[in-house]
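Below, read A as the first sequence line, B as the second, and so on, with proteins coming before strands; counting in each chain starts at 1.
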Protein chains: 2
Amino acid sequence: MRSRIEDVAAVAGVSIKTVSRVLNHEPNVRAETRERVMAAVTRLGYKPNLSARSLAGQRSYSLALVYNNPSRNYLMEIQNGMLEACHAHHYNLILGPVGIGRHTLPDLSALFENSRPDGVVLIPPLTDDAVVLDWLEEQEIPYSSIAPRDPDGHIGVRMDETTAVVELIAHLVAQGHRRIAHIKGPRAHGACQWRHAGYRQALRAAGIDYDPALVVNGQFSFESGITAANALLDLPEPPTAIFAANDDMAAAVYRVAGQRGLRIPRDLSVCGFDDTPIAGHIFPALTTVRQPTSSMGTIATEQLIERIRAAKGGRMVTVDHAVLVRESTQAPRRR
Amino acid sequence: MRSRIEDVAAVAGVSIKTVSRVLNHEPNVRAETRERVMAAVTRLGYKPNLSARSLAGQRSYSLALVYNNPSRNYLMEIQNGMLEACHAHHYNLILGPVGIGRHTLPDLSALFENSRPDGVVLIPPLTDDAVVLDWLEEQEIPYSSIAPRDPDGHIGVRMDETTAVVELIAHLVAQGHRRIAHIKGPRAHGACQWRHAGYRQALRAAGIDYDPALVVNGQFSFESGITAANALLDLPEPPTAIFAANDDMAAAVYRVAGQRGLRIPRDLSVCGFDDTPIAGHIFPALTTVRQPTSSMGTIATEQLIERIRAAKGGRMVTVDHAVLVRESTQAPRRR
DNA sequence: TTGTACGCGTTATCAC
DNA sequence: GTGATAACGCGTACAA
């Protein structure tokens, strides 16, 4: 049978409460006592029982990743990042897939009734779901937001997506493009407005008029990208470059271009956002914005843990972006 | 404060043991009593406390997905499938990423010392890791295998990959291909040998001699596919069709073909295996074998749960495959 | 068929 | 700075 706290106490010659103190880094323990306890812990290979801890301590030592409908790649990256932080801080990771619309809240509360995580990490579009946020506040559940539309008053992690896009579009402009189209993301994501804002801002800076016909809606999905790309390329005067709000939609542009016999980048320049694996795998390799998604998962988790430790702990961290110029963009052909 | 089992007992006018019986579907409870208890449960919105349950019952009501280095898409699908089954059977899902080689066992045992899952689902190449299997047997931990090299004596889920590949290659042969190359998977995977076996078997059936020069090694990664594709296309007499052992490597073939100015399928037919999202997203859409990965995760989990319930429960389930003929394969050009 | 009493391995309250 | 002892909420021999 595995050793219990009581065994450790016996070996160390102290009471179980003292062992508990040492294990939980509580004050009021003599250094010498602490060492004796730690020695006993090591000698017995003692591991605290999580269930007992949770039961007595009113917390589960687990964090939930709550999501409803993100892209698989994005989710996987965030998850890996969280896993790393959870591992480092001895937390468990709980997956919290929730339904959309009116299913969100019931699913979320069911998650809490069962697993009782000590806090949650929110990813878009849930990050900005007022219903969810209100519920969490009301229940006084600590949460950390990834890419929230409004960073003020929240902890978590974000990136300056607008600036990133400004740089990306500036690259296209520098190559000589002037008819640059944009496939937007879904309205519910802050990413949608930031990336669109960056697009407009860059055009303005370049002295290019904003043409609403060159901006179409997408849903971040490959399929929505197909529709959007077709709409753009059916234009009387089609764009020479297309900036898709994420890589999946950019991949869809590749497909539509291929079907129409257009060569990228010779006949059409394409760029995306996120730098998911597909960006480097499709041919020609996609020019895009690198987002350190995995790190963002790690950071969001660390901030959450600090918030759990202290009511005012944690902050909103801004991570760096990078424009990755690859093979899918070049100067437009002369007419 | 949330209701406890004692509150339910009070409302139903029975003892807590009876409530426990009802909740755990134990026998020896009158139907009428059972109903009274259930009514009380519903009325109070009672949810058992998982920690207390685990502590008293010596089990965690959680299952672990153990993996070391699978493709992201594959992992995500399996995970989603498991999540579904876990949800349905009120289990929690624990992620168990473990290191490779000598790190595997320590990581695995650490997972158990912390989270104590009631069972684990293994995916390749861990499914066939003798060290892992021995350890699990020794610890008497129930496990379920996905695509094990040797299905006998194990429970879990598999697919007849050899037959699937035979059908896939037969399709190429029917189109007139005779120089068909194969990029193999990593040796540690059963998938590597099954797919290779199907390849050879189909050639034999078609009366085509096996040419070792047309078979190169890959690692299932995109990068390894690049190397392999280059080797194949550098051949004095290059193949007219390439069967990559998975979709990621097939995507790499697309990239290399693109770089060399070869058009798919006009100049080269390509097919893969798995039907990951990328298969439908790249241009032209990839001919591949559909594997119901998510369902396989669900099935493996269900079998595991049966094994947990009964020492001899669960079995090895074989799921159906399907060859998806899309745009990447056509008759080879005449010389 | 139903109920009592104890144990699971921690944390936390208080006294010392 | 340290230690008895009572929770924490549920499962389960054992008794009835």
Side-chain angles (χ1 to χ4, degrees), chain A residues 1-38 40-41 44-62 90-92 112-116 118 308-309, chain B residues 1-38 40-41 44-62 90-92 112-116 118 308-309:
Chain A
M1 205 48 195
R2 58 194 310 156
S3 51
R4 299 164 305 164
I5 196 171
E6 161 187 331
D7 304 324
V8 176
V11 169
V14 298
S15 77
I16 60 170
K17 176 59 193 169
T18 300
V19 177
S20 176
R21 281 201 183 86
V22 173
L23 262 35
N24 295 299
H25 307 96
E26 286 174 32
N28 297 337
V29 180
R30 252 196 318 200
E32 190 253 341
T33 309
R34 183 181 304 277
E35 279 171 26
R36 276 222 315 287
V37 170
M38 286 314 291
V41 166
L44 295 173
Y46 168 76
K47 299 278 178 184
N49 181 315
L50 246 162
S51 304
R53 259 198 166 169
S54 309
L55 182 57
Q58 317 283 23
R59 48 199 171 133
S60 66
Y61 299 89
S62 66
H90 303 286
Y91 271 90
N92 243 284
F112 274 86
E113 282 166 351
N114 296 322
S115 311
R116 311 180 190 208
D118 297 334
I308 289 172
R309 287 210 245 264
Chain B
M1 204 50 194
R2 58 195 309 156
S3 52
R4 298 164 306 162
I5 196 172
E6 160 188 333
D7 304 324
V8 176
V11 169
V14 298
S15 76
I16 63 168
K17 174 58 192 168
T18 300
V19 176
S20 176
R21 282 200 183 86
V22 172
L23 260 36
N24 294 300
H25 307 94
E26 285 174 34
N28 298 335
V29 180
R30 252 200 316 208
E32 189 254 341
T33 309
R34 183 181 305 278
E35 279 171 25
R36 274 222 317 285
V37 171
M38 287 314 292
V41 166
L44 294 174
Y46 168 76
K47 299 278 178 185
N49 181 315
L50 244 163
S51 304
R53 254 195 170 174
S54 309
L55 184 58
Q58 313 284 25
R59 48 202 173 126
S60 65
Y61 299 89
S62 67
H90 304 286
Y91 271 90
N92 243 285
F112 273 86
E113 281 166 351
N114 296 323
S115 311
R116 311 180 191 206
D118 296 335
I308 290 171
R309 286 211 245 267

Whole angstrom value for the distance that separates [atom2] of [N] from [atom1] of [X]:
| X | N | atom1 | atom2 | result |
| --- | --- | --- | --- | --- |
| B:Glu32 | C:dT1 | CD | C1' | 12 Å |
| B:Arg4 | D:dC8 | CZ | P | 7 Å |
| A:Glu26 | C:dT10 | CD | P | 15 Å |
| A:Leu23 | C:dT10 | CG | P | 9 Å |
| A:Leu50 | C:dT11 | CG | C1' | 13 Å |
| A:Arg116 | D:dC10 | CZ | P | 8 Å |

What nucleotide among [options] has an atom nearest to a side-chain atom of [X]?
| X | options | result |
| --- | --- | --- |
| B:Thr33 | C:dT2, D:dG11, D:dA7 | C:dT2 |
| A:Arg30 | C:dG9, D:dG1, D:dT12 | D:dG1 |
| A:Lys17 | C:dT4, D:dC10, D:dG3 | D:dG3 |

Counting just side-chain N and O atoms, does [X] come under 4.0 Å of either OP1 or OP2 of [N]?
| X | N | value |
| --- | --- | --- |
| B:Asn28 | C:dT1 | yes |
| A:Thr18 | D:dG3 | yes |
| B:Ser15 | C:dT2 | no |
| A:Asn24 | C:dT11 | yes |
| A:Tyr46 | C:dT10 | yes |
| B:Arg53 | D:dC10 | no |

A:Arg59 or A:Leu55, whichever maps to the more 5' nucleotide of DNA chain C | A:Leu55
Comparing B:Ala52 and B:Ile16 on DNA chain C - which has the more 5′ nearest nucleotide = B:Ile16
Does the side chain of B:Ser60 pick up a donor-acceptor pair with the side chain of B:Asn92 at under 3.5 Å?
-> no
Indicate, with a heavy-atom threshold strictly under 4.0 Å, whether B:Pro48 touches base, sugar-phosphate, or nothing.
-> sugar-phosphate
Which part of the nucleic acid does A:Val14 contact within heavy-atom distance under 4.0 Å: base, sugar-phosphate only, or nothing?
-> sugar-phosphate
State whether the distance check finds a donor on one side and an acceptor on the other, under 3.5 Å, for side chain A:Arg34 versus base D:dG1.
-> no
Does the base of C:dT2 carry an N or O that pairs as donor and acceptor with the side chain of B:Arg21 under 3.5 Å?
-> yes
Could you check if a side-chain atom of B:Asn24 sits within less than 4.5 angstrom of a side-chain atom of B:Arg53, using non-hydrogen atoms only?
-> yes
Check A:Ser62 against A:Ser115 and note the closest heavy-atom contact, atom names and distance.
-> OG-O, 4.1 Å
